[in-house]
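Working notes, beginning with the structure itself.
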Amino acid sequence: MKIKKSYLAAALAAVCALPISLCGCGGNTSDPTDGDEIVVGEGMKKYVLEAEYTPVANVIGGAQSGSASGYDLIMQSDAEGVSNGYFIHNIHMTDCTIVFEFTAEKAGTASISVRLISQWGNTIFDPDNFGVVLNGNDIKYGKIQVQGSSDDKPKFVDKIVTQKAEIKKGDNKLELVVRENTLNTYTKSTGGPAIDCVTIVTDAGISWTPLTENLDHIGKVEG
């Protein structure tokens, strides 16, 4: 059966009029105030790993226009949405890395989300300026737009970076790496996000050892 040219042209016009976002290839650049819904499917379990309980004692960061390191990277907050009342900030230094180490009972798949804000206004993060690395392998996530917010009144939201991470049986390492960029609007140098926590949803059965003693060092002069 032959299709009349007028009908074919109309059909092609209808297809071309569809929103380009249907392809999903542009990454997540929606409203930065919108958090991603974390879904826990059947047989899966949600694990929240707090950034303030990671090994930060020897981490060298950077403030907006100065230095910051160690336990001074941990900030206390009673703002709504701050998990556990603390978060990590001032990691504005190239290669500054926050490490989450955990153990899995078996191999499995996982979704991984990060709860972030930015001190630089609404900011787009991607693997070029903010790496999410699992067991030495970069997670190739799309662009995520993170809300600009002050440390005094942080408004964290969850952003999913992958739905299909490969968790291995035994020891696993998840690294959040600040990569060289010019996001720091004060010095036109490297800027990173503030990190509240990481959420992992998986069937692998994971455990980790939070360094709760980190909180004992906040505000103290270390000898």
Side-chain angles (χ1 to χ4, degrees), residues 23-30 35-41 43-61 73 83 87-88 91-118 123-146 156-183 190-211:
C23 72
C25 54
N28 176 13
T29 55
S30 60
D36 293 334
E37 181 182 5
I38 299 175
V39 178
V40 183
M44 310 291 274
K45 188 174 180 180
K46 182 171 75 172
Y47 303 87
V48 178
L49 281 58
E50 299 288 347
E52 66 271 15
Y53 290 157
T54 60
V56 297
N58 297 313
V59 174
I60 305 298
L73 300 176
S83 176
F87 62 92
I88 293 290
I91 56 172
H92 315 308
M93 181 70 70
T94 300
D95 295 329
C96 184
T97 303
I98 304 301
V99 179
F100 300 81
E101 294 182 299
F102 59 92
T103 302
E105 296 174 356
K106 62 178 183 178
T109 58
S111 75
I112 298 176
S113 65
V114 289
R115 186 174 293 177
L116 307 174
I117 59 169
S118 171
T123 303
I124 292 178
F125 289 102
D126 59 34
D128 290 333
N129 57 34
F130 183 64
V132 182
V133 183
L134 179 62
N135 297 325
N137 299 310
D138 272 41
I139 292 175
K140 301 299 183 182
Y141 65 93
K143 297 178 185 296
I144 56 174
Q145 189 170 184
V146 174
F156 285 95
V157 292
D158 294 302
K159 296 290 183 176
I160 296 174
V161 294
T162 182
Q163 298 273 19
K164 52 183 180 180
E166 295 294 331
I167 303 297
K168 66 181 183 179
K169 182 179 180 180
D171 295 337
N172 290 262
K173 179 187 289 187
L174 179 68
E175 299 169 281
L176 305 184
V177 185
V178 179
R179 292 180 170 148
E180 185 175 7
N181 61 66
T182 56
L183 295 175
T190 297
I195 305 169
D196 187 11
C197 61
V198 166
T199 299
I200 301 175
V201 178
T202 182
D203 61 351
I206 69 174
S207 60
W208 82 307
T209 303
L211 300 179

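Everything numeric in this text was worked out from a predicted model, so none of it was measured.
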Query raised in the report: Are the side chain of His92 and the backbone of Thr190 linked by a donor-acceptor contact shorter than 3.5 Å?
Result: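 Such a contact is absent between His92 side chain and Thr190 backbone.
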
Query raised in the report: Is a side-chain N or O of Thr54 found less than 3.5 angstrom from the main chain of Val56, in a donor-acceptor match?
Result: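 Here the side-chain-to-backbone pair does not exist.
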
Expected list for residues 45-53: side-chain donor-acceptor pairs under 3.5 angstrom, two or more places apart:
residue: Tyr47; atom: OH; partner: Ile206; partner atom: N; Å: 3.4
residue: Glu50; atom: OE1; partner: Ser83; partner atom: OG; Å: 3.3
residue: Glu50; atom: OE2; partner: Ser83; partner atom: OG; Å: 2.4
residue: Glu52; atom: OE2; partner: Asn84; partner atom: ND2; Å: 2.8
residue: Tyr53; atom: OH; partner: Asn84; partner atom: ND2; Å: 3.1

Nearest 0.5 Å, please: how far is [atom2] in [Y] from [atom1] in [X]?
X: Glu175; Y: Ile98; atom1: CD; atom2: CD1; result: 10.5 Å
X: Ile195; Y: Leu116; atom1: CD1; atom2: CG; result: 6.5 Å
X: Leu73; Y: Ile60; atom1: CG; atom2: CD1; result: 8.5 Å
X: Ile144; Y: Asp36; atom1: CD1; atom2: CG; result: 8.5 Å
X: Asp126; Y: Tyr141; atom1: CG; atom2: OH; result: 6.0 Å

Report yes if the side chains of [X] and [Y] come closer than 4.5 Å at any heavy-atom pair, otherwise no.
X: Thr199; Y: Ile112; result: no
X: Ile124; Y: Gln145; result: yes
X: Ile38; Y: Val201; result: yes
X: Val59; Y: Ile88; result: no
X: Met93; Y: Asp95; result: no
X: Asp128; Y: Arg179; result: no
X: Val132; Y: Leu174; result: yes
X: Pro55; Y: Leu211; result: yes

Query raised in the report: Residues in side-chain hydrogen bond (donor to acceptor under 3.5 Å, both in side chains) with Asn181, at least two apart?
Result: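 Result, side-chain hydrogen bond (donor to acceptor under 3.5 Å, both in side chains) vs Asn181: none returned.
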
Report task. For Asn135, enumerate each residue passing the side-chain hydrogen bond (donor to acceptor under 3.5 Å, both in side chains) test, keeping only those at least two apart in sequence or located in another chain. Result ->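 Asn135 satisfies side-chain hydrogen bond (donor to acceptor under 3.5 Å, both in side chains) with Asn172 only.
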
Query raised in the report: Which residues satisfy the salt bridge (Lys or Arg N to Asp or Glu O under 4.0 Å) test with Asp203, sequence neighbours excluded?
Result: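 Scan of Asp203 (salt bridge (Lys or Arg N to Asp or Glu O under 4.0 Å), adjacent residues dropped) gives none.
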
Query raised in the report: Can you name the side-chain contact (heavy atoms from CB on, under 4.5 Å) partners of Thr109, sequence neighbours left out?
Result: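 For Thr109 the side-chain contact (heavy atoms from CB on, under 4.5 Å) partners, ignoring immediate neighbours, are Glu166.
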
Report task. Sequence neighbours left out, what passes ring pair (Phe, Tyr, Trp, His ring centres under 6.0 Å) with Phe125? Give chain and number order. Result ->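 Phe125 satisfies ring pair (Phe, Tyr, Trp, His ring centres under 6.0 Å) with Phe130 once adjacent residues are dropped.
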
Query raised in the report: side chain to side chain contact (heavy atoms under 4.5 Å, CB included) with Phe102: which of Ile167, Thr209, Asp171?
Result: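 That would be Ile167; it is the only one of Ile167, Thr209, Asp171 passing the side chain to side chain contact (heavy atoms under 4.5 Å, CB included) with Phe102.
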
Which heavy atom in [X] sits nearest to a heavy atom in [Y], and how many Å separate them?
X: Cys96; Y: Ile91; result: SG-CB, 3.6 Å
X: Glu101; Y: Val99; result: CG-CG1, 3.8 Å
X: Ile200; Y: Ala110; result: CG2-CB, 3.8 Å

